[in-house]
Amino acid sequence: MIRPGLCSVTFRALDVPALIDLAATTGVQVIEWGGDKHVPPGDPDLAAQVQTLCDTKGILPASYGSYVRAGMPGARAEFAKVLASARALCARNIRVWAGDAKRADAGAQAFDTAAADLALFARSAAQDNITVSVEYHRRTLTEEAEDALALLNAAAEDNLYSYWQPVPGRGLARWLEELDMLSPHLGDLHVFHWIMTDGGQKRRPLAEGLPDWRVLFDAWTPAPRWPHPRTAFLEFVRDDEIGQYRDDMHNLKTLCGLSTD
């Protein structure tokens, strides 16, 4: 089974109760709560309140989307706050980032420091039976699958995984290569449909990307040790429109194999 999820950063302008209500009325099963807006790190009382609100609607706060960056100054102290909030939220996974530049630009020392930080994050979270997943993103040490794989292998912790999301413009063949390379460490996916234009990347309806996403979902093989149900988190919609979100979530549930009647 694949669970349809929602990243709360999709609607930063909505407050927590409104976002939970929207998720519940559109069949969302799990939410990844962003640490930049809805559940700031270091406020476990607030995180516990969000968990209670989720529980009343039958939604799991499955993941805590932090913005701590392994390898950067203060990352370890910041992760302690993140872990406290994730624990209070009852999130079973924490998203983290790796550095602020791709590996070729960051250099060996930055890579080694990030790997050491990630190992520490994973060991700390494991004490609470929480996994740690690295964002797969441009302008980080995980910009390329080869570098993400090297980083995860350098950290060498069983509790450490990688997200995956499509880098706009790379195309289906490359996206499939990335999924295959990351499969020993792969967890959940962030789902959206963006295209590249002369003016840069542009958000488009998920419906336009369904042919590619069907192939990607078929190829998505989480790591054998991944302890959670597979979850596809919808992240961002065209123009931040509620109507577009409803259509995108309908299509995501179809991709997940769920009835949309």
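- In this view, Arg92 and Asn129, Ile130, His228 satisfy the side chain to side chain contact (heavy atoms under 4.5 Å, CB included) rule, not counting sequence neighbours.
- A heavy-atom distance below 4.5 Å is not found between the side chains of Val30 and Ile59.
- For the pair Arg12 and Asp36, the salt-bridge criterion is met [side-chain N within less than 4.0 Å of a carboxylate O].
- Note: the hydrophobic cluster containing Tyr64 also contains Leu83 (ILVMFWY, side chain heavy atoms under 4.5 Å, direct or indirect links).
- Cation-pi contact between Arg230 and Trp220: present, with separation from the ring centre below 6.0 Å and deviation from the ring axis of at most 45°.
- The main-chain N or O of Thr142 is never found under 3.5 Å from a side-chain atom of Asp147 such that the two would form a donor-acceptor pair.
- In this structure, Phe79 has its ring center closer than 6.0 angstrom to the ring center of Phe121.
- Between Asp247 and Leu206, every side-chain heavy-atom pair lies at or beyond the 4.5 Å cut-off.
- Under a 4.5 Å side-chain heavy-atom cut-off, the cluster of Ile, Leu, Val, Met, Phe, Trp and Tyr residues that includes Tyr161 is completed by Trp226.
- Considering CD1 of Ile195 and CD of Gln201, their distance stands at 10.5 Å, rounded to 0.5 Å.
- Looking at Ile31 and Leu60, their side chains never come closer than 4.5 Å, going by heavy atoms from C-beta outward.
- A salt bridge between Arg174 and Glu178 is present, with a side-chain N of the basic residue lying under 4.0 Å from a carboxylate O of the acidic one.
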Do Asp100 and Arg139 pass the salt bridge (Lys or Arg N to Asp or Glu O under 4.0 Å) test, and can you show the C-alpha distance, the side-chain angles, and the key distance before you say yes or no? CA-CA 6 Å; Asp100 63 354; Arg139 295 182 294 279; over 6 Å; no

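- Of the residues listed (Tyr136, Trp194, Trp213), the one engaging Pro166 in a side chain to side chain contact (heavy atoms under 4.5 Å, CB included) is Trp213, and it is the only one.
- The minimum heavy-atom distance between Ala114 and Leu141, with the atom names listed, is CB-CD1, 3.4 Å.
- At least one side-chain heavy atom of Val167 sits less than 4.5 Å from a side-chain heavy atom of Arg170.
- When atom types are taken as modelled, the side chain of Ser66 and the backbone of Arg95 share a donor-acceptor pair closer than 3.5 angstrom.
- Counting only distance, with no hydrogens or angles, the side chain of Lys253 and the backbone of Thr26 share a donor-acceptor pair below 3.5 Å.
- Residues Ser85 and Trp33 fail the side-chain proximity criterion, which asks for heavy atoms closer than 4.5 Å.
- The cluster map of Ile, Leu, Val, Met, Phe, Trp and Tyr, joined by side-chain heavy atoms under 4.5 Å apart, puts Leu172 and Met196 in different clusters.
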If you apply the rule side chain to side chain donor-acceptor pair (under 3.5 Å), what do you find for His38 with Ser8, and how did you get there? CA-CA 7 Å; His38 295 108; Ser8 77; 3.0 Å; yes

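- For the pair Leu120/Arg76, a side-chain contact is recorded, criterion being any heavy-atom separation below 4.5 Å from C-beta on.
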List the steps, then state whether side chain to side chain contact (heavy atoms under 4.5 Å, CB included) holds for Phe233 with Leu6. CA-CA 5 Å; Phe233 291 99; Leu6 173 64; 5.8 Å; no

List the steps and the verdict of side chain to side chain contact (heavy atoms under 4.5 Å, CB included) for Trp175 and Asp212. CA-CA 10 Å; Trp175 293 336; Asp212 284 350; 3.6 Å; yes

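- A donor-acceptor pair under 3.5 Å links the side-chain atoms of Thr231 to the main chain of Pro229, judged by distance alone.
- Across Leu182 and Ala145, no two heavy atoms sit closer than the pair CD2-O, 4.1 Å.
- Taking both residues in full, the closest heavy atoms of Met72 and Gly99 are given as SD-CA, 4.2 Å, listed atom of the first, atom of the second, then distance.
- Looking at Phe11 and Val237, their side chains come closer than 4.5 Å, going by heavy atoms from C-beta outward.
- Salt-bridge formation is not detected for the pair Glu144/Arg103: no Lys NZ or Arg NE/NH1/NH2 atom is positioned less than 4.0 Å from an Asp or Glu carboxylate oxygen.
- Residue Thr131 forms a side chain to side chain contact (heavy atoms under 4.5 Å, CB included) with just one option from Asn159, Leu160, Ile94, and that option is Asn159.
- The main-chain N or O of Leu176 is never found under 3.5 Å from a side-chain atom of Asp180 such that the two would form a donor-acceptor pair.
- Under the side chain to side chain donor-acceptor pair (under 3.5 Å) test applied with Asp248, the options His250, Gln244, Arg246 reduce to a single match, Gln244.
- Between Asp239 and Arg203, no side-chain nitrogen of the basic residue sits less than 4.0 Å from a carboxylate oxygen of the acidic one, so the salt-bridge criterion is not met.
- The main-chain N or O of Gly209 is never found under 3.5 Å from a side-chain atom of Arg214 such that the two would form a donor-acceptor pair.
- A donor-acceptor contact shorter than 3.5 Å links the side chain of Thr10 to the backbone of Phe236.
- Leu152 and Trp97 fall into different hydrophobic clusters, where Ile, Leu, Val, Met, Phe, Trp and Tyr are joined by side-chain heavy atoms under 4.5 Å apart, directly or via other members.
- The side-chain heavy atoms of Leu118 and Val96, taken from C-beta on, include a pair separated by under 4.5 Å.
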